[in-house]
Undergrad: 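Shown below is the structure under consideration.
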Number of protein chains: 2
Amino acid sequence: MTGLRDRKKQQTHDALSQAAIELFLKRGFDEVSVADIAAAAEVSKPTLFKYFATKQDLALHRIADHAGEAARVVTAAQVGTQASTGSAGSTGSTGSTGSTGSDGSTGSDGSSEGPVTALRDHFVDGLKRRDPVTGLNDDPTVLAFHRLIFETPALAMRRQQFVAADQAALALVLTEVLGGKLAAELLAADLISTQHVLARRNWRVVSAGISADTQYRTARAEAIQAYARLLGR
Amino acid sequence: MTGLRDRKKQQTHDALSQAAIELFLKRGFDEVSVADIAAAAEVSKPTLFKYFATKQDLALHRIADHAGEAARVVTAAQVGTQASTGSAGSTGSTGSTGSTGSDGSTGSDGSSEGPVTALRDHFVDGLKRRDPVTGLNDDPTVLAFHRLIFETPALAMRRQQFVAADQAALALVLTEVLGGKLAAELLAADLISTQHVLARRNWRVVSAGISADTQYRTARAEAIQAYARLLGR
DNA sequence: TCAAAAAGTTAACTCGGTTAAATCTTTGTC
DNA sequence: GACAAAGATTTAACCGAGTTAACTTTTTGA
């Protein structure tokens with residue numbers, strides 16, 4: 001099924017992404033033109049734009065791939081508690097499943113506890129795994145990449161769009177889990193904000209020179225505290 | 001002090017803004033070029049960009065002017081409860097001051113009640129005044145304007161930047177009001193999200209044909225309910 | 001009245017993104 | 001294995017946002 005055609009497409013895609021990120025990290029987003037990237041990947045400009053809709057996406061497609069993760073985590077947790085047949089993660093890498101040492105068992109619907117604890121556990125698990133999305137990762141490349149995204153207005157902006165899409169998807173599944181649409185939208189917004197605030201905070205600390213290992217316990221405590229706010233109704 | 005120079009500048013600024021909004025509403029954001037706008041306002045393109053940094057700002061400067069409002073409301077409420085000398089509003093049009101029929105008097109610091117009720121009251125007051133930022137306004141022009149902003153990706157995106165700045169400013173004043181920085185950032189995010197969710201919701205309803213007067217009671221109730229979530233810790 | 005300062009104009013340029021026509025490559029079929 | 005249809009790539013030209021530099025006009029204040 002994986003014909004030569006598709007293999008070549010994958011190759012070109014990777015070549016573009018790699019060339020772009022390398023150049024962005026070396027010279028800064030604004031100091032690199034799409035023509036430079038196309039040249040480095042040895043393709044023409046129109047071809048580049050057939051693979052990536054915008055210049056920003058050349059840096060952000062890794063994040064874009066994570067789209068809908070929050071919604072997926074909640075859905076997974078939901079089917080996990082409804083029937084005890086725990087099959088988590090539908091698309092890609094969403095393996096979390098407890099360990100925070102807290103109850104996630106309030107099975108009666110109408111409560112916001114399930115989703116909140118599910119996302120909290122997912123985040124805390126991300127911290128343990130030093131998942132870049134948590135901000136708690138001191139790998140120089142990861143750090144440089146985050147710096148690039150957060151400190152380049154155009155990238156931060158486009159990133160925000162993906163986050164907004166994530167939030168909308170989350171609101172959608174929460175609408176079914178909870179009763180009302182208003183409550184769902186509010187909670188979705190709070191959940192996404194919380195994650196964002198925590199990640200940014202971790203990133204700032206790590207980026208100031210503190211090692212991820214040193215910061216881990218604090219980050220974990222802060223996360224639990226932050227999500228606890230959303231549990232008290 | 002208002003020399004001829006400044007008067008002319010104001011004139012040009014207004015001519016550009018007016019021409020831009022008129023054209024945007026008539027033909028859509030993407031169907032209007034900055035050259036069109038410059039021509040309509042009878043200035044050259046470089047001059048246009050001396051008045052407005054981006055094409056988006058030609059539509060959004062009215063929103064941009066509201067920058068830092070949330071922070072101002074909280075600060076005003078703070079000085080209002082610290083000393084009984086109530087002088088609200090530092091810069092522009094921020095006249096709110098109670099009437100929601102609820103206590104805003106918990107003067108002891110460390111509590112998040114003050115800021116939350118202050119912003120809630122401000123929002124509810126906005127509803128009563130049919131302030132466009134609340135989404136509860138069925139004036140055709142206002143409606144068309146909101147539609148333009150929300151449904152033009154480039155504008156929605158740029159708007160988000162202003163909102164983010166607002167949030168940062170709010171987080172800053174909350175950091176002083178509350179003890180910690182984490183709590184302040186989380187609360188600021190929740191507060192801004194809440195406002196945004198409520199406004200969007202109102203806009204959607206009104207935009208579906210329901211009159212602002214008809215929706216008022218519901219909108220008010222929803223707002224109070226939404227902010228109440230943030231009071232229970 | 002006059003010179004310095006502030007705006008404004010023109011024209012040319014950069015860069016992101018698009019379009020159309022021509023060319024080359026992969027693929028499935030006889 | 002030849003070959004036509006489908007798909008991907010290239011070239012070259014184009015559009016529109018935003019910038020730059022050199023030059024002219026207008027406002028100001030002494």
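In what follows, every chain begins at residue 1, and chains take the letters A, B, ... in the order their sequences are listed. Only this structure's heavy atoms are used, side chains among them; waters, hydrogens and symmetry mates stay out.
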Undergrad: I need the full list of side chain to side chain donor-acceptor pair (under 3.5 Å) pairs touching residues 162-175 of chain A, with sequence neighbours left out, sorted by first then second residue.
TA: none
Undergrad: Between the two end axes of the helix from C:dT1-D:dA30 to C:dC30-D:dG1, each built from 5 base pairs, what angle do you get to the nearest 10°?
TA: 10°
Undergrad: Quick check: does any side chain N or O of B:T47 sit under 3.5 Å from a backbone N or O of B:V43, one acting as donor and the other as acceptor?
TA: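 Flag not set: sc B:T47 to bb B:V43 has no pair under 3.5 Å.
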Undergrad: Could you tell me which residues satisfy salt bridge (Lys or Arg N to Asp or Glu O under 4.0 Å) with A:R147, sequence neighbours excluded, listed by chain and number?
TA: A:E151
Undergrad: For DNA chain C, which residues of residues 32-41 of chain A approach it to below 4.0 angstrom with any heavy atom?
TA: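 Under 4.0 Å from DNA chain C: A:V32, A:S33, A:V34.
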Undergrad: Rounded to whole Å, please give me the gap between CG in A:D6 and C1' in C:dG28.
TA: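 So the CG-C1' distance, A:D6 to C:dG28, works out to 15 Å.
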Undergrad: Can you list every salt bridge (Lys or Arg N to Asp or Glu O under 4.0 Å) pair that touches residues 188-198 of chain A, not counting sequence neighbours?
TA: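 For residues 188-198 of chain A: A:D190-B:R229.
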Undergrad: Rounded off to whole Å, could you give me the CG-to-P distance for the B:D30 and C:dG17 pair?
TA: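 Atom CG in B:D30 sits about 13 Å away from atom P in C:dG17.
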Undergrad: With sequence neighbours excluded, give me every salt bridge (Lys or Arg N to Asp or Glu O under 4.0 Å) pair touching residues 204-213 of chain B.
TA: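 Applying salt bridge (Lys or Arg N to Asp or Glu O under 4.0 Å) to every pair that reaches into residues 204-213 of chain B, excluding sequence neighbours, yields A:E185-B:R204, B:R130-B:D213.
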Undergrad: Could you name each residue pair satisfying salt bridge (Lys or Arg N to Asp or Glu O under 4.0 Å) that touches residues 32-53 of chain B, not counting sequence neighbours?
TA: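 Salt bridge (Lys or Arg N to Asp or Glu O under 4.0 Å) check on residues 32-53 of chain B returns B:R27-B:D36.
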Undergrad: Treating A:T134 as the side-chain partner and A:D131 as the backbone partner, does any N or O pair qualify as donor plus acceptor under 3.5 Å?
TA: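 Answer holds: yes.
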Undergrad: Could you encode protein contacts along nucleotides 1-10 of chain D as a string, one character per nucleotide from 5' to 3', using B for base contact, S for sugar-phosphate-only contact and - for no contact, with a heavy-atom cut-off of under 4.0 Å?
TA: -----BBSBB
Undergrad: Atom CZ of A:F49 to atom C1' of D:dC14: distance rounded to whole Å?
TA: 14 Å
Undergrad: Whether the A:H196 and A:R159 side chains hold a donor-acceptor pair (N or O, under 3.5 Å, no angle test) is what I'd like checked.
TA: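 Checked: A:H196/A:R159 side chains pair up, N/O donor to acceptor below 3.5 Å.
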Undergrad: Quick test of your reading: applying salt bridge (Lys or Arg N to Asp or Glu O under 4.0 Å), list the pairs with at least one residue in residues 51-61 of chain A, sequence neighbours left out, ordered by first then second residue.
TA: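 Listed once each, the pairs are A:D57-A:R158.
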Undergrad: Residues in ring pair (Phe, Tyr, Trp, His ring centres under 6.0 Å) with A:F150, at least two apart?
TA: A:H146, A:W203
Undergrad: With B:R62, which residues qualify under salt bridge (Lys or Arg N to Asp or Glu O under 4.0 Å), at least two apart?
TA: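 In terms of salt bridge (Lys or Arg N to Asp or Glu O under 4.0 Å), with neighbours along the sequence ignored, B:R62 is linked to no residue.
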Undergrad: Centre-to-centre under 6.0 Å for B:H13 and B:F52, is that the case here?
TA: yes
Undergrad: Within residues 158-165 of chain A, which residues have any heavy atom lying less than 4.0 Å from an atom of DNA chain D?
TA: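 Result for residues 158-165 of chain A: none.
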Undergrad: Do you see a donor-acceptor pair shorter than 3.5 Å between the side chains of B:Q10 and B:D14?
TA: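 There is such a pair between these side chains.
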